[in-house]
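Inspection log for the structure reproduced underneath, given as structure tokens.
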There are 2 protein chains.
Amino acid sequence: MPSSVDRICEQLKAQGRRLTPQRRAIIQALFDHDSHPTAEQIFTYVRQDMPDMSHATVYNTLHELVEMDVLRELDLGLGERHYDFNADNHAHLICLGCGRVEDVPYNKEATTLPSKHTHGFHIVDCNVIFRGYCPDCASKED
Amino acid sequence: MPSSVDRICEQLKAQGRRLTPQRRAIIQALFDHDSHPTAEQIFTYVRQDMPDMSHATVYNTLHELVEMDVLRELDLGLGERHYDFNADNHAHLICLGCGRVEDVPYNKEATTLPSKHTHGFHIVDCNVIFRGYCPDCASKED
DNA sequence: ATCCCTGCAAAGCCTTTGCAATGCA
DNA sequence: TGCATTGCAAAGGCTTTGCAGGGAT
């Protein structure tokens, strides 16, 4: 069975996009990071093996994957965007102390708006973000 | 009865902060904007009357008001922060086409996490953001 | 062989910072 | 008067862009 990395690479080609070593490395890096890496984290990680990797390529590839709908872009209000393969129904939990991000199961389907409040919008997505302090930071607070 | 602007100005002084014409103008500007202005919008608006107003002062004052808990800072993933006086329970609805932001009534109190999923976090806030296309942009899409 | 993709460097956008001058309390 | 606050200008952090050379199909 092909790895998930391979599957996404195939998907790239199937869409008429080119599969370059850089792109494969970025996709691999996304899988190697367990959770919500930022573009910079991917950049730094991939650079260990490909010292010439540029920001442009990282951003290009991430955008492409988002466009292909295999990657999710998260703006958690932390100043930089995070990327997430996990498409399951979940919300995010952010530590206001250290910026840690955790996934939490959350049924978005149940989070809907009565039609009289939608201002006529065609709603396509919903984001739920919980903010608080993780155990480590909570103990430092007091 | 003092206006809400005056009330906030008093609050400033009561906390030992100084009430300057710039600060009053910024607070007034926040009230004059019906909904979710950005720092830049406030800056541009206030500059009409005070051409020397600096970015530093706008940002300083906004931060101060946030610190005083009379203003809410919203990062809606649009690249810039929005500010909101409305403290009522509500969520936000964002148009992916034009960036328009609407308030929608939403009972955040009902949006909670079962304790087994909180990762031990002490949760202090919750943000709900709906994304979609407003009537104008939806019609352009097709 | 084509032309998409890469790397480099610079620019862009929003926000923050340093510092001397100003003006509120 | 003293010190918080201001304005200016520059820097900072993340992301985007332009362009020429290089590599995937």
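Proteins come first, then strands; the chains are lettered A, B, ... in the order of their sequence lines, and each starts at number 1.
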Spell out, yes or no, whether B:Leu76 and B:Val104 are grouped together once hydrophobic residues are joined by side-chain heavy atoms under 4.5 Å, including indirect joins.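 In one cluster with B:Leu76: B:Val104, no.
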Does A:Leu74 share a hydrophobic cluster with A:Leu65, counting links as ILVMFWY side-chain heavy atoms below 4.5 Å and allowing steps through other members?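 A:Leu74 does not cluster with A:Leu65.
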State which residues pass side chain to side chain contact (heavy atoms under 4.5 Å, CB included) with [X]; sequence neighbours excluded, sorted by chain then number.
| X | answer |
| --- | --- |
| B:Thr118 | B:Leu113, B:Ile123 |
| B:Arg47 | B:Phe43, B:Met53 |
| A:Asn60 | none |
| B:Asn89 | B:Asn107, B:Lys108, B:Glu109 |

For A:Tyr59, give me all partners under ring-ring contact (aromatic ring centres under 6.0 Å, His included), at least two apart in sequence or on another chain.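 Residues passing ring-ring contact (aromatic ring centres under 6.0 Å, His included) with A:Tyr59: none at all.
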With nearest nucleotide decided by heavy atoms, which residue, A:Met53 or B:His55, maps closer to the 5′ end of DNA chain C?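 Nearest nucleotide further toward 5': that of A:Met53.
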Looking at residues at least two apart in the chain, or sitting in another chain, which of them share a salt bridge (Lys or Arg N to Asp or Glu O under 4.0 Å) with B:Glu67?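 For B:Glu67 the salt bridge (Lys or Arg N to Asp or Glu O under 4.0 Å) partners, ignoring immediate neighbours, are B:Arg17.
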Got a sec, which residues hit salt bridge (Lys or Arg N to Asp or Glu O under 4.0 Å) with A:Arg18, two or more places apart in sequence or on another chain?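 If we apply the salt bridge (Lys or Arg N to Asp or Glu O under 4.0 Å) test to A:Arg18, skipping adjacent residues, there are no hits.
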Return the value, rounded to whole Å, for the distance between atom [atom1] of [X] and atom [atom2] of [N].
| X | N | atom1 | atom2 | answer |
| --- | --- | --- | --- | --- |
| B:Gln41 | C:dT15 | CD | P | 11 Å |
| B:Leu78 | C:dC13 | CG | P | 16 Å |
| B:Arg81 | C:dC13 | CZ | P | 18 Å |
| A:Arg47 | C:dT6 | CZ | C1' | 12 Å |
| B:Glu40 | C:dG12 | CD | P | 15 Å |

Counting only non-hydrogen atoms, which of residues 56-70 of chain B are less than 4.0 Å from DNA chain C?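 B:Ala56, B:Tyr59, B:His63 - these, ordered by number, are the residues of the stretch whose heavy atoms sit under 4.0 Å from the strand.
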Decide side chain to side chain donor-acceptor pair (under 3.5 Å) for A:His90 and A:Asp84; before the verdict, give the C-alpha distance in whole Å, the side-chain angles of both, and the deciding distance to 0.1 Å. CA-CA 11 Å; A:His90 68 280; A:Asp84 190 358; 3.1 Å; yes
DNA chain D contacts made by residues 13-29 of chain B, counting heavy atoms under 4.0 Å: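 Those residues whose heavy atoms fall under 4.0 Å from DNA chain D, taken from residues 13-29 of chain B in numerical order, are B:Arg17, B:Arg18, B:Thr20, B:Gln22, B:Arg23.
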Just how large is the angle between the end axes of the helix from C:dA1-D:dT25 to C:dA25-D:dT1, five pairs per end, to 10 degrees?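 Between the first-five-pair axis and the last-five-pair axis there is 30°.
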Let me confirm one number: the NE2-OG1 distance from A:His117 to A:Thr112, rounded to the nearest 0.5 Å.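 These two atoms lie 12.0 Å from each other.
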Please find the earliest and latest nucleotides of DNA chain D, in the 5' to 3' direction, that have an atom within less than 4.0 Å of any heavy atom of chain B.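 For DNA chain D, the relevant span reads D:dG2 to D:dC8.
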Can you see whether B:Thr111 engages B:Tyr106 through a side-chain donor-acceptor pair at a distance of less than 3.5 angstrom?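 Looking only at side-chain atoms, B:Tyr106 and B:Thr111 do form a donor-acceptor pair, the distance falling under 3.5 Å.
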Show every side chain to side chain donor-acceptor pair (under 3.5 Å) that has at least one partner inside residues 72-82 of chain B, sequence neighbours left out.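 Listed by first then second residue: B:Glu73-B:Tyr83.
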